[in-house]
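Side chains included, hydrogens not; waters and symmetry mates left out as well; all remaining heavy atoms used. We're numbering straight along the sequence, starting at 1.
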Amino acid sequence: MLGELLDDKGVGMYTAASRISEIFYFIPNALVMSIAPVLVQARESGESIYSARVEQMFSSIAIPAILIAIPMSMLAGPLISLILGPDFISAAPVLQVHIWALLFVALGVASAQYLLLEGQNSISLQRTAMGAVVNVGLNLLWIPRYGILGAAWASLIAYGVATFFLFQNVVSRKCFYLMLRSLLSPKAVAGLWR
């Protein structure tokens with residue numbers, strides 16, 4: 001959409017910034033894959049243990065994402081200059097916003113694992129579709145007005161909507177509740193590995 005609504009320079013700046021933030025997307029996948037066996041075992045141990053482990057998973061996924069996003073957003077300008085050169089400095093504001101999508105990607109990967117364990121795979125497709133609709137709509141509104149920064153905000157909000165679009169049934173609402181609770185009062189992640 002950037003190519004249609006802006007020029008090639010804007011596309012290049014946005015792509016450069018988003019590629020830097022997307023480098024970190026492997027971290028949530030790796031963490032969730034290592035946590036998955038713990039969740040399967042906890043599910044067999046009873047509902048209270050299972051819920052506690054799921055909440056710990058969300059915390060252990062969210063905390064590293066936040067710890068990456070804070071310095072990356074604060075140091076976006078120097079990082080862009082160092083990695084890509086001073087010609088790409090206008091990509092720094094995009095990186096400052098886009099890096100926060102890591103939090104939603106992390107929670108999305110973790111919640112997808114929970115939904116998989118609960119046999120609710122179709123909800124993941126619904127969430128992705130809702131995020132796509134939001135992204136296209138916001139891009140149409142914001143790219144002409146705000147350029148590449150509008151596209152970055154549209155992506156961030158779309159990731160958030162896709163992650164938290166969990167109102168389809170009791171299981172998805174529980175996932176929403178556990179995710180939100182883990183963000184508002186993160187538990188120590190050390191207990192997850194016991």
Side-chain angles (χ1 to χ4, degrees), residues 1-5 14-15 18-19 21-40 42-44 47-48 50-66 68-69 94 97-143 150-187 192:
M1 290 186 73
L2 274 172
E4 294 296 320
L5 298 172
Y14 184 87
T15 301
S18 65
R19 293 294 178 248
S21 65
E22 289 168 358
I23 289 170
F24 297 99
Y25 287 7
F26 80 91
I27 295 170
N29 286 307
L31 286 173
V32 167
M33 293 313 294
S34 66
I35 293 169
V38 174
L39 291 179
V40 171
R43 192 166 192 262
E44 296 168 0
E47 184 60 33
S48 63
Y50 179 55
S51 291
R53 293 293 186 244
V54 169
E55 190 175 338
Q56 288 172 333
M57 173 186 64
F58 288 135
S59 293
S60 69
I61 289 293
I63 291 169
I66 292 168
I68 290 168
V94 173
V97 172
H98 200 276
I99 191 65
W100 286 96
L102 177 61
L103 175 61
F104 297 124
V105 168
L107 290 171
V109 168
S111 60
Q113 180 65 43
Y114 173 78
L115 293 170
L116 176 68
L117 287 172
E118 293 296 317
Q120 301 291 318
N121 298 349
S122 64
I123 293 174
S124 292
L125 179 60
Q126 295 170 21
R127 292 175 2 163
T128 301
M130 181 56 71
V133 168
V134 168
N135 198 15
V136 169
L138 291 178
N139 275 325
L140 287 171
L141 291 173
W142 291 348
I143 289 173
W153 279 105
S155 291
L156 178 63
I157 291 168
Y159 276 121
V161 167
T163 298
F164 286 102
F165 186 69
L166 290 165
F167 303 102
Q168 293 83 343
N169 59 31
V170 173
V171 173
S172 63
R173 285 189 292 274
K174 181 178 179 183
C175 181
F176 175 85
Y177 170 74
L178 290 171
M179 225 179 347
L180 195 59
R181 199 164 88 179
S182 73
L183 284 174
L184 297 176
S185 61
K187 304 230 189 244
L192 184 60

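Annotation: side chain of Tyr14 is not in contact with side chain of Ile143 (no heavy-atom distance under 4.5 Å). Contact check for Phe165 versus Val134: no side-chain heavy atoms found under the 4.5 Å cut-off. Two residues are said to be in side-chain contact when any heavy atoms from C-beta on lie closer than 4.5 Å; Thr163 and Met179 meet this criterion.
Distance CD/Gln168 to CD/Gln126: 4.5 Å, rounded to 0.5 Å. Note: Phe167 CZ to Ile123 CD1 = 11.5 Å, rounded to the nearest 0.5 Å. Atoms CD1 and CZ, on Ile63 and Phe58 in that order, are 13.5 Å from each other to the nearest 0.5 Å. Taking CD1 from Ile35 and CE from Met33, the interatomic distance works out to 11.0 Å, rounded to the nearest 0.5 Å. Summarising the geometry, atom SG belonging to Cys175 is positioned 11.5 Å from atom CD belonging to Glu55; distances are rounded to the nearest 0.5 Å. A distance of 7.0 Å separates CD in Gln120 from OG in Ser172, rounded to the nearest 0.5 Å.
Sorted by first then second residue, the salt bridge (charged side-chain N to carboxylate O under 4.0 Å, His left out) pairs that include residues 131-142, not counting sequence neighbours, number zero.
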Kindly list each side-chain donor-acceptor pair under 3.5 angstrom involving residues 100-112, sequence neighbours excluded, with atom names and distances?
| unit_1 | atom_1 | unit_2 | atom_2 | d |
| --- | --- | --- | --- | --- |
| Ser111 | OG | Leu107 | O | 2.9 |
| Ser111 | OG | Gly108 | O | 3.1 |
| Ser111 | OG | Arg127 | NH1 | 2.8 |
| Ser111 | OG | Arg127 | NH2 | 2.8 |

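Judged as a ring-ring contact (aromatic ring centres under 6.0 Å, His included), and not counting sequence neighbours, the contacts of Phe164 are Phe176.
For the residue pair Asn121 and Ser124, no side-chain donor N or O sits within less than 3.5 Å of a side-chain acceptor on the partner.
For Ser21 (side chain) and Ser18 (main-chain N/O), a donor-acceptor pair under 3.5 Å exists by modelled atom type.
Atom OH of Tyr177 has 12 or fewer neighbouring heavy atoms from other residues, nucleotides or ligands inside a 6.0 Å radius.
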